[in-house]
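Heads up: the structure comes next, in structure tokens.
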Amino acid sequence: MMMKQPELGRKIVELRQQKGFTQEELVEQCNISVRTIQRIEAGEVSPRIYTIKTILSALDRDLDDLQQDSVFETKVKKAMLLEIDPSKDVSFIFTQLHIGWIAGILSMIAFIFETIDDWSYVINQEYYFGKTYTIVLGIISIILFSIYMRSFVLIGNLFKNTFLKLTAILFIVINAITAAFSLIDLDFTILPMEGNGILYCVFMGTMYLFFGMALYKLKGLGQLPATAGIIQVVIGVMLLSIFLAIVGGPASILVQGLNVAIILKAIETIKSQIKS
């Protein structure tokens with residue numbers, strides 16, 4: 001949600017100073033009176049959205065820079081260890097991103113074994129490696145996916161894409177809920193197998209749709225995010241259609257390879273920016 005005064009005024013001061021502008025120089029760029037700028041920065045008035053956009057445009061910024069987490073979002077972040085401060089030492093950021101892409105690859109492998117296990121139950125009415133293995137693998141898969149998707153919370157912060165950050169958080173939550181329900185209902189006593197499959201397709205299809213849109217909007221990493229985003233939107237549509245889920249399901253595992261490439265691209269981009 002948008003910052004309110006006085007946080008809004010303090011943030012505008014911070015952005016102006018980062019740009020190297022005095023109040024007078026900012027006035028020249030956005031044609032707003034010095035007195036108005038002073039009152040906004042002091043937190044004395046709440047400017048109209050048009051005024052805020054004009055100031056941000058002069059500072060080469062956008063509304064994403066003024067977004068503030070709600071109380072609910074803050075609690076979810078703390079509970080799931082998602083609060084990553086992009087202002088921390090760059091080695092910390094690199095460590096988190098490296099952990100993320102490694103978790104992404106391991107998550108792909110875990111999903112492949114889960115798929116084998118699921119198809120074994122569909123065909124033979126029993127899990128290939130046994131129930132204990134299925135439960136352990138499911139828990140590991142939830143953890144790996146959460147760590148991997150956590151990287152996109154950080155990338156969303158670093159590259160000013162609030163939509164990506166929020167979608168990644170929601171993806172973690174939805175994946176954890178659907179996977180946990182599947183582990184609780186291994187024998188499909190709560191919900192029939194078909195109903196369980198439809199539930200999965202609807203929730204995960206929706207998340208792939210929104211995550212793909214968020215990646216498409218990600219700027220600063222070349223064409224890779226846009227390409228990966230379009231593919232994931234298509235996968236989302238496949239899953240939501242239900243009858244194409246047999247293709248969308250395996251594709252959703254393989255597309256994680258593209259997401260891993262995006263994390264690696266983010267690392268490369270940050271390194272090049274530091275060197276320059």
Side-chain angles (χ1 to χ4, degrees), residues 11 14-21 56-69 73 77 80-109 144-172 207-236 251-276:
K11 186 64 177 181
E14 178 189 327
L15 296 176
R16 174 173 61 77
Q17 291 174 344
Q18 288 177 0
K19 185 71 174 176
F21 282 178
L56 290 174
S57 178
L59 297 172
D60 294 325
R61 300 285 188 160
D62 56 37
L63 289 174
D64 281 348
D65 292 285
L66 301 182
Q67 296 300 315
Q68 189 177 45
D69 290 336
E73 290 167 348
K77 283 184 176 183
M80 304 195 71
L81 305 178
L82 291 169
E83 192 60 73
I84 309 174
D85 185 357
S87 66
K88 284 191 176 183
D89 182 81
V90 70
S91 62
F92 171 84
I93 294 173
F94 284 145
T95 299
Q96 302 307 309
L97 291 175
H98 280 302
I99 290 173
W101 71 259
I102 292 170
I105 292 176
L106 294 176
S107 176
M108 286 176 63
I109 296 171
L144 288 173
F145 184 85
S146 299
I147 295 171
Y148 142 71
M149 193 55 59
R150 182 173 178 257
S151 296
F152 288 95
V153 178
L154 177 54
I155 291 172
N157 269 328
L158 291 170
F159 292 89
K160 307 300 180 184
N161 188 327
T162 303
F163 185 36
L164 176 61
K165 180 176 68 173
L166 296 179
T167 304
I169 293 172
L170 188 58
F171 212 157
I172 292 171
M207 287 318 307
Y208 271 103
L209 191 64
F210 282 108
F211 189 70
M213 291 166 61
L215 286 179
Y216 186 80
K217 293 180 63 177
L218 182 59
K219 307 299 181 185
L221 296 177
Q223 293 300 311
L224 179 60
T227 303
I230 292 170
I231 292 173
Q232 283 171 86
V233 166
V234 172
I235 289 172
S252 69
I253 299 173
L254 297 176
V255 81
Q256 284 193 202
L258 283 177
N259 293 341
V260 166
I262 291 172
I263 299 172
L264 292 171
K265 180 66 175 178
I267 294 172
E268 178 188 331
T269 300
I270 295 167
K271 284 182 177 178
S272 66
Q273 289 176 348
I274 292 171
K275 289 178 181 179
S276 59

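At a threshold of 4.5 Å between non-hydrogen side-chain atoms, the residues Q96 and S151 do not count as touching. Contact annotation: the side chain of Y216 never approaches that of V233 to less than 4.5 Å [non-hydrogen atoms, C-beta and beyond]. Two residues are said to be in side-chain contact when any heavy atoms from C-beta on lie closer than 4.5 Å; Y148 and I102 fail this criterion. Between T167 and M207 there is a side-chain heavy-atom pair separated by less than 4.5 Å.
Partners of L258 under the side chain to side chain contact (heavy atoms under 4.5 Å, CB included) rule, at least two apart in sequence or in another chain, are L224, A228, I231, V255. Qualifying ring-ring contact (aromatic ring centres under 6.0 Å, His included) partners for F171, counting only residues two or more places apart in sequence or in other chains: F145, Y208, F211. Taking Q18 as the reference, E14, R61 meet the side chain to side chain donor-acceptor pair (under 3.5 Å) condition, with sequence neighbours excluded. Checked against side chain to side chain donor-acceptor pair (under 3.5 Å), K19 has the following partners two or more places apart in sequence or in another chain: D60. In terms of the side chain to side chain contact (heavy atoms under 4.5 Å, CB included) criterion, residue partners of I105 (sequence neighbours excluded) are, by chain and number, W101, I109, V260. With sequence neighbours left out, F159 forms a side chain to side chain contact (heavy atoms under 4.5 Å, CB included) with I155, L218, L221, A266, T269, I270.
Remark: F163 CZ is packed, more than 12 non-hydrogen atoms of other residues, nucleotides or ligands lying under 6.0 Å away.
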K271/E268 under side-chain contact (heavy atoms from CB on, under 4.5 Å): CA gap, chis, key distance, verdict: CA-CA 5 Å; K271 284 182 177 178; E268 178 188 331; 5.8 Å; no
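When atom types are taken as modelled, the side chain of N157 and the backbone of K165 share no donor-acceptor pair closer than 3.5 angstrom.
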